[in-house]
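Below: the structure, in structure tokens.
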Amino acid sequence: MNFAQARWEEPLIFQLSRRGKIGYYSFLNDDRRKAVLENIPEKLRRRVPPSLPEVSEIEVIRHFTRLSQENYGVDTGIYPLGSCTMKYNPKVCDVIAGSHKIQELHPYQDPMNLQGILQIMYDASKYLANIVGMDGITLQPAAGAHGEYTGVMLLRAYHNDRNDKARDEIIVPDSAHGTNPASAAMGGYKVVEIPSKDGCVDTDALKSAVGQRTAGLMITNPNTLGIFERDILEIAGTVHDAGGLLYYDGANLNAIMGKAKPGRMGFDIVHINLHKTFATPHGGGGPGSGPVGVTKQLADYLPVPTVEYDGTKYFLNYNKPKTIGKVRSFYGSIAVVLRAYVFMLLHGKDGLEGVSEVAVLNSNYLAQQLRKIRGFSLPYAEGVPRKHEFVLSASTLSKETGVSALLVAKRLLDFGVHPPTVYFPMIVEESMMAEPTETVSKNELDAMIDGFKRISEEAYSNPESLRNSPTATSVTRIDEAKANRPKTMQLRWKVNP
Amino acid sequence: MSKPHPFIPNSDKSTFRDMLQAIGLESIDRLFNDIPESIRSKAALDLPSGRSEIEVRKYVEGILARNSSTRDIVSFLGAGIWPHYVPAAVEAIVSRGEFLTSYTPYQAEISQGMLQVMFEFQSLICELTRMEYANSSLYDWSTALGEAARMASRVTDRNEIVTPHYIHPERLGTLKVFSSPADIRQVEVAQERKTGAIDIADLKTKLTKNTAAVYLEYPSFLGFVEERCEEIEHLTHEAGALFIVGVEPTSLGVLKPPGDFGADIVIGEGQPLGCHMNFGGPLLGFFACKDDRLLRQMPGRIIGKTTTQDGKQDAYCMALQTREQHIRRAKATSNICTNEALLALAATIYLSLLGPEGLIDLSSTILDRTRYTCEALRKVSGVTAPAFDAFHYMEFTVDFNRTSKKVSEINDALLKSGIQGGLDLSNHFPELGQTALYCVTEVHSQNEIDKLASGLQKIVGTQKI
């Protein structure tokens, strides 16, 4: 448990600036530059140059290298952030994606020169559709939430096309990801939240919630507690009988590859997070990629263009009269899709099933050990195995010692363990949602378990000591309130504040 | 698991078995038995079998080899995504695992590196655009426009957005999909056929008490730069609407920034700032606004500067999270969660390398090439470049109507000599006839531009004018 993050106290890049320094090679000689600038109409000229930093290349490299050392990634250590599937991102995927054959490809080039990338998009779509049991795919959405919005718009197009316009409600369980209700609301729907029963969808509550106003239900399976919704066929039947559609939030797909397909469970629309299940690097918050799969009855509404093959060549098809249109520029996060495609080829059909098996094994192993530690529990569905993730509760610890899930999380940082997601889902008090993924070793899991044990001991013997954590990180505990108070809020650097 | 796998540490037989035993199970199937039999997959996935790294690499690189990239051929395409040189220093930093493989910085103390970078990014965008606040990225310019329209509608409680006739079709399409569920309507304002300038008389008729915002692209989709921004701003604000300006950021080295002519919201595409084209994505949307009232309605993640609780160290963390979906759920300002942080990092490094002098140098180079290319193409028989009488930046229309050749025919012919011509506009804007949108940047050499001109002369030269 020896962990120490770099502590550079690195100034802002602006503070390193010194007049006249440069970190680039000039493109133009002075005379031509002068001529060009004089040619700009008076009205359009920028009067004051932007206050960008003036630094040399080595200063830039050192600044950002130091900042990288003050950051924690999957390459640094265990990252069991629930719902985020922070697994190892294979290096070969990045190396292949570093080719100019993808990096320097322009989306409007003649398709004759794009046959390679179009084939990759076509094959990736085919594989993804097979994994989730859908008939059609769009690769365009830039992220999971963007996929959700696209899905909601597809659902809307479906109902509108059938002239079934009174449907204005989307149902979500109270354990849903925040993006689900947010996407439904953005799509113009009223969000109806239904309670859970023993951690799963309460089918009676669902039955009384559905009706002629139901446009659809958005859920994930396994759900956010990591429990497989056993009643999924009944749930699907209830929603379909009421005339609604079933939306699958693919954030938890890492649990079931090769084991069960959302299509078979009755889902009509599925989004897939390539930056989770398919191991593409999350880049500190993005890029992601959120392809959306649909059943045949919804395929006509997919965004344009779709990638198709006519037997001799691949092409982009814009001729879809019922399409919802464009959800972004161009065709998607293609560099991300390429990495996911390489990941699928590396693992293959058996390998992907193995991915899910070990992800679920690691999760259950961790859950069984952590729940035994004093102060922690695994609420709901006693005796039912978890899937790729689980939600631990620190509620007993909090009541008995005053040490909250947040303090547990902060203390874990000192052991070089990225904490689980805290305070989500909201149906568990003092929740800690952990998702180890298949790419963590038993040693790392055991070290994390030891960390929890030690925190429990500290909480019961000297709870006050936990309030000083973390101390091994580049900064100690941060004052987040100060960042939000109008008088102290600073959202940018200014030359002359 | 049949064989141990290099990415799966616990896939070796003995660890796998030990872990199963530790939780009292004989077989892995027990962990999946709760999935009802009727939906459990019986057949294997319909994918190829797994292969080794070298096999996969050969295979995929073989497929990629069928592409001709803009390094294999000379391309004059822009139109929303532009060819630029990405400095090696940018590549070196963005590929560092500590940045590359990190998640959204929910645990601020262990994520200071990325948080500080995002704070620097926001500051740089504010400096470039001369706006007060910026978020830490959205997906791309198109979705930023969709978000801006929705935000303007919320702020003004109105439901029309005025968009220029010569708007990027991808952006218009995305705007429609983002705004339709919020009952926001697009109203088109005409642009003068000769200069491309916003038709002020028409704008006056389009501004009503329903107008939430007026949207201007600057430089425009077709490369000309609007000169009456102040007048448009005045009319927009007089009508009680917000002024949204979409910008291409490299132009702001030399062009008057939107903050200086009264923009309320500035959006744009950050890809030119150190990001590869990658066949259209990922991209880097940015979003800035001018005051506190708008800030509270802004979509996306925002990073703030604070201190440690003991007040001893500067520190960074997410701010104003109560706007976001993970707190506010259905009432959030947007559903966005994953953004484009890594590309924002690239842009931060890029702008740090260039500095003010470098950026002005880049903008000037692009202007120099723009002027040179237009002059060269005007010498080709029957060609007019640009088709609009205005100041242009980086992109310009090439009018082939007097050559009696179609743009598609010309582009096919160019391609035979290794040149990808500009974007055919005949479908998007039929009134322009056979016109194409060309783009030149610092990556185009004079030699390549000359080759384009002579190639075009050969193709159209045989025609009578």
Side-chain angles (χ1 to χ4, degrees), chain A residues 23-24 27-28 33 36 49-50 54 64 67-68 70-75 100-101 103-107 113 115-116 130 142-143 145 178 181-183 185 188 191 264 281 283-288 326 329-330 333-335 345 348-349 351 368 385 441 473-476 478 482-483 490 492-493, chain B residues 9 23 31 39 45-47 49-50 56 63-64 66-71 77 93 96-98 100-102 104 109-110 112-114 123 127 139 142 170 173-174 181 276 278-282 304-306 308 315 319 325-326 329-330 332 335 338-342 353 355-356 358 364-365 367:
Chain A
Y24 77 102
F27 300 105
L28 203 61
R33 173 166 153 169
V36 161
E54 295 178 68
F64 290 101
L67 290 183
S68 77
E70 292 190 338
N71 215 51
Y72 185 91
V74 174
D75 283 2
H100 72 89
K101 294 284 187 183
Q103 287 188 330
E104 303 300 342
L105 223 47
H106 191 288
N113 287 335
Q115 288 301 300
N130 183 258
S183 302
V191 178
R264 284 283 294 280
K326 293 293 299 178
S329 296
F330 313 114
S333 300
I334 304 306
L345 291 178
K349 51 186 168 190
Q368 290 312 318
S441 71
T473 44
S474 16
V475 296
T476 54
I478 288 173
K482 196 189 271 181
Q490 279 188 69
R492 62 173 288 203
W493 174 87
Chain B
I23 53 174
L31 292 174
I39 52 177
L45 293 169
D46 190 10
L47 263 71
S49 293
V56 170
I63 300 175
L64 284 173
R66 299 177 60 200
N67 299 327
S68 292
S69 79
T70 59
R71 211 180 282 172
L77 286 167
I93 297 292
R96 287 188 67 91
E98 300 93 328
L100 184 67
T101 69
S102 64
T104 302
E109 291 86 355
I110 206 166
Q112 284 300 292
M114 201 45 140
S123 306
E127 292 299 335
Y139 309 134
S142 290
E170 306 249 5
T174 308
H276 293 283
N278 278 319
F279 198 46
K305 188 174 182 201
T306 177
T308 48
Q325 50 76 28
H326 61 282
R329 298 174 76 84
N335 69 339
T338 285
N339 57 19
E340 304 295 345
L342 195 73
L353 288 169
S364 309
T365 305
L367 278 174

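Values reported hereafter were calculated over all heavy atoms of this structure, with side chains retained and with hydrogens, waters and symmetry mates removed. Proteins come first, then strands; the chains are lettered A, B, ... in the order of their sequence lines, and each starts at number 1.
- Contacts with chain A were tallied for B:Gly173, B:Ser68, B:Gly355, B:Gly304; B:Ser68 has the most, counting heavy-atom pairs under 4.5 Å.
- A:Asn130 contributes a side-chain N or O that, together with a main-chain N or O of B:Asp46, makes up a donor-acceptor pair within less than 3.5 Å.
- Proximity to chain A is limited to the side chain of B:Ile93, based on heavy atoms less than 4.5 angstrom apart.
- The closest donor-acceptor contact from the side chain of A:Lys326 to the backbone of B:Glu170 lies at 3.5 Å or more, if one exists at all.
- Heavy-atom distances place both the backbone and the side chain of A:Val475 under 4.5 Å from chain B.
- Listed options A:Glu70, A:Gln368, A:Glu104 were ranked by heavy-atom pairs under 4.5 angstrom with chain B; first place goes to A:Glu104.
- Interface remark: of the candidates A:Ser333, A:Ala483, A:Gly286, A:Gly348, A:Gly286 forms the most heavy-atom pairs closer than 4.5 Å to chain B.
- Looking only at heavy-atom pairs under 4.5 Å with chain A, the residue among B:Ala332, B:Pro181, B:Gly50, B:Ala315 that has the most is B:Pro181.
- Note that OG1 of B:Thr70 is 10.5 Å distant from NZ of A:Lys101, once rounded to the nearest 0.5 Å.
- Most heavy-atom pairs under 4.5 Å with chain A: of the set B:Asn67, B:Asn339, B:Thr308, this distinction falls to B:Asn67.
- Taking OG1 from B:Thr174 and CZ from A:Phe330, the interatomic distance works out to 9.5 Å, rounded to the nearest 0.5 Å.
- When the candidates A:Ala142, A:Pro50, A:Ala185 are compared by the number of heavy-atom contacts under 4.5 Å with chain B, A:Pro50 comes out ahead.
- No other option in A:Gly178, A:Gly284, A:Ser441 has as many heavy-atom pairs under 4.5 Å with chain B as A:Gly284.
- The distance from atom NZ of B:Lys305 to atom OG of B:Ser123, rounded to the nearest 0.5 Å, is 9.5 Å.
- Ranked by heavy-atom pairs under 4.5 Å with chain A, the list B:Leu31, B:Leu342, B:Ile110 is led by B:Ile110.
- In terms of heavy-atom pairs under 4.5 angstrom with chain B, the leader among A:Val191, A:Thr476, A:Ile478 is A:Ile478.
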**Report entry** Check against side-chain contact (heavy atoms from CB on, under 4.5 Å), A:Lys349 and B:Ser49
**Finding:** CA-CA 5 Å; A:Lys349 51 186 168 190; B:Ser49 293; 3.6 Å; yes

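- Under the 3.5 Å distance criterion, the side-chain polar atoms of A:Ser68 are left unmatched by any main-chain donor or acceptor of B:Glu98.
- Within the 4.5 Å cutoff, no side-chain heavy atoms of B:Leu100 are placed close to those of A:Asp75.
- Chain A forms the most heavy-atom pairs under 4.5 Å with one residue out of B:Ile39, B:Ile23, B:Asn278, B:Thr104, and that residue is B:Asn278.
- Taking A:Val36, A:Leu28, A:Ile334, A:Leu105 one by one and counting their heavy-atom pairs under 4.5 Å with chain B, the maximum is reached by A:Leu105.
- Across B:Leu64, B:Leu77, B:Leu367, the residue that shares the most heavy-atom pairs under 4.5 angstrom with chain A is B:Leu77.
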Query - Worked check of side-chain contact (heavy atoms from CB on, under 4.5 Å) between A:Phe27 and A:Arg33 - result: CA-CA 9 Å; A:Phe27 300 105; A:Arg33 173 166 153 169; over 6 Å; no

